[in-house]
Amino acid sequence: MNLRTQVGIVGAGPAGLMLSHLLHLAGIESVVVEARSRRYVGERVRAGLLEQGTVDLLKETGVGERLTRLGLTHHGIELRFGGHGHRIDLSGLTGGSTVTIYAQHEVIKDLITARLAAGAQIVFEADDVSVHDFDGPTPKIRYRIEGNLNELSCDFIAGCDGFHGVCRPAVPAGVLTMYDRVYPFAWLGILAEARPSSDELIYAYHERGFALHSMRSPTITRLYLQCAPDEDLGNWPDEKIWDELERRLAAGKGWKLNRGAVIQKGVTEMRSFVVEPMQSGTLFLAGDAAHIVPPTGAKGLNLAIADVRVLARALSDYYANGNRELLTKYSEICLRRVWKVQRFSWWMTSMLHRFADENAFDQRRQLAELDYLTSSRAASQTLAENYVGLPME
Ligand code: APR
Ligand code: PHB
């Protein structure tokens, strides 16, 4: 079957769905082509922290009803080291900004509901997805549904298909430059039916490795432990995970880690990655297709939303005024923010994790950095303004 739309979008993650939503609000038609099922993308456990700007955008564009009702607004975070907690007053240091805990798959569900209610076309369970002819004015997305070949012709393609997608590898050799760093550790994450042990997130530096206390709701806790990159979950029965979390998050007699049934367990690799430029001809890359950050700064989802905000504005300017200038500058505008967020995510990761090749000097230096960070207003403010989200250009 041959189909036609204005913007063909590969991938129904936060980037692809939000782009489709923003384009719709600007009167631009799009079709989203996704490899997985609707159920799979709506249930996949991913990140869960939204910057102030991401929350504002979701609310302003009419997809914030459940977010307003169910999201948990946080005014601060805690850094824990040497057995003591130190609060960073995010709101106080940023003139009132906050972050919100709301699972990524809930954002996905809200966006899918809104798109389908507006009559949008989202093609789920597309096989053999490929992109073609983006060196010219009529690029195409080809895919199979139950064995039948479909071809979607468009004016532009948005590659929102994540780190392992097909769009980035489709760009001819020599056009893109990749920058990356793989960290010598990973995160073992659990979701547990346990009341959060603190109202705010706790980032803990410990000689046995990093630990993070987060949450999803008043009854569900999300916890992470620094582990080996090739960690075998088979070696981590639930009891051992809880014991290790308890050790790393310990903070005197007044604090207790609430335990509960573990309902999900997984290992997340840690990587920093950027591709430059984020475009080639009429193909534009957004979100994880163009960059990956380690999860320590909680930026992956927010950066994906920031990209498509820029792309939607550029496409709107093109369709409304015939102006291609913003499209030409898409990469340049996004990358300025991307690199600042890369720096922040790398810095949080380097400060809070144990590295196998570090010595006692490095540990003392990390502790001094944490001490400085939590005792200097200037340093705390630097953390806070990055954590709640840098302004959009
Ligand atoms: N064809 C069609 N769809 C594809 C293909 C393909 N060949 N390959 C991948 N996809 C889909 C995936 O199934 C997924 O639904 O593209 C979507 C990409 O979504 P994400 O990986 O969530 O990427 P993005 O939208 O950029 O959002 C980034 O996701 O990984 C987290 O931490 C990351 O929070 C960040 C966010
Ligand atoms: C999460 O809740 O999953 C989460 C929170 C903060 C992070 C990373 C993950 O930095």
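Residue numbers start at 1 and run along the sequence shown. Atoms within a ligand are numbered from 1 in the order they appear, just like the ligands themselves.
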Examine Leu49 against ligand 2 and note whether any of their N/O atoms are separated by less than 3.5 Å.
no
same_hphob_cluster(Ile241, Met215) at 4.5 Å side-chain heavy-atom cutoff:
no
Do any nitrogen or oxygen atoms of Arg46 come within less than 3.5 Å of a nitrogen or oxygen of ligand 2?
no
Under a 4.0 angstrom heavy-atom cut-off, which atoms of ligand 2 come close to Trp187?
8 (C)
Heavy atoms from other residues, nucleotides or ligands near CZ of Arg181 exceed 12 (cutoff 6.0 Å)
no
Establish, from distance only, whether the side-chain atoms of Tyr205 and Gln366 form a donor-acceptor pair under 3.5 Å.
yes
Checking a contact table here: which protein heavy atom is nearest atom 2 (O) of ligand 2, and how many Å away?
Ser214 OG, 2.6 Å
If you group Ile, Leu, Val, Met, Phe, Trp and Tyr by side-chain heavy-atom gaps below 4.5 Å, do Phe284 and Ile305 land in one group?
yes
Tyr102 to ligand 2, any heavy atom closer than 4.0 Å
no
Under 3.5 Å side-chain donor-acceptor pair for Ser272 and Tyr183
yes
Using a 4.0 Å heavy-atom cut-off, which part of Leu201 comes near ligand 2: side chain, backbone, both, or neither?
side chain
Please confirm whether Thr296 comes within less than 3.5 Å of ligand 2 when only nitrogen or oxygen atoms on both sides are compared.
yes
Does ligand 2 come near enough to Tyr387 that some N or O of the ligand is less than 3.5 Å from an N or O of the residue?
no
Tyr102 and Asp110: side-chain donor and acceptor closer than 3.5 Å?
yes
Looking at ligand 2, is there an atom of it that comes within less than 4.0 Å of some heavy atom belonging to Met348?
no
Give me the residue, atom name and distance of the protein heavy atom closest to atom 10 (O) of ligand 2.
Tyr203 OH, 2.7 Å
Inventory of protein N or O atoms under 3.5 Å from ligand 1 N or O:
residue  : atom   : partner : partner atom : Å
ligand 1 : 3 (N)  : Ala35   : N            : 3.2
ligand 1 : 13 (O) : Glu34   : OE2          : 2.6
ligand 1 : 15 (O) : Glu34   : OE1          : 2.7
ligand 1 : 15 (O) : Glu34   : OE2          : 3.3
ligand 1 : 15 (O) : Arg44   : NH2          : 2.8
ligand 1 : 21 (O) : Arg46   : NH2          : 3.0
ligand 1 : 25 (O) : Pro14   : N            : 3.2
ligand 1 : 25 (O) : Ala15   : N            : 3.0
ligand 1 : 26 (O) : Asp288  : N            : 2.8
ligand 1 : 29 (O) : Gln104  : NE2          : 3.1
ligand 1 : 30 (O) : Arg46   : NE           : 3.4
ligand 1 : 30 (O) : Arg46   : NH2          : 2.4
ligand 1 : 30 (O) : Asp288  : OD2          : 2.8
ligand 1 : 34 (O) : Gln104  : OE1          : 2.7
ligand 1 : 34 (O) : Leu301  : N            : 2.9

So if I count the atoms of ligand 2 from 1 in the order they appear, which ones are less than 4.0 Å from some heavy atom of Ala298?
6 (C), 7 (C), 10 (O)
Tell me whether Trp347 at atom CH2 has more than 12 heavy atoms from other residues, nucleotides or ligands lying less than 6.0 Å away.
yes
For atom 8 (C) of ligand 2, what is the nearest protein heavy atom, given as residue, atom name and distance?
Pro295 O, 3.3 Å
Salt bridge present between Lys299 and Glu51 (N-O < 4.0 angstrom):
yes
Return yes when atom CZ of Arg44 has more than 12 non-hydrogen atoms of other residues, nucleotides or ligands closer than 6.0 Å, and no otherwise.
yes
Show me the side-chain donor-acceptor pairs of residues 308-318 shorter than 3.5 Å, one per line, residues at least two apart or across chains.
residue : atom : partner : partner atom : Å
Ser316  : OG   : Ala312  : O            : 2.6
Asp317  : OD1  : Asn321  : ND2          : 2.6
Asp317  : OD2  : Asn323  : ND2          : 3.0

For Asp89, is the CG atom crowded, meaning more than 12 foreign heavy atoms sit under 6.0 Å from it?
yes
Check Arg259 with Glu246, please: is the shortest side-chain N to carboxylate O separation under 4.0 Å?
yes
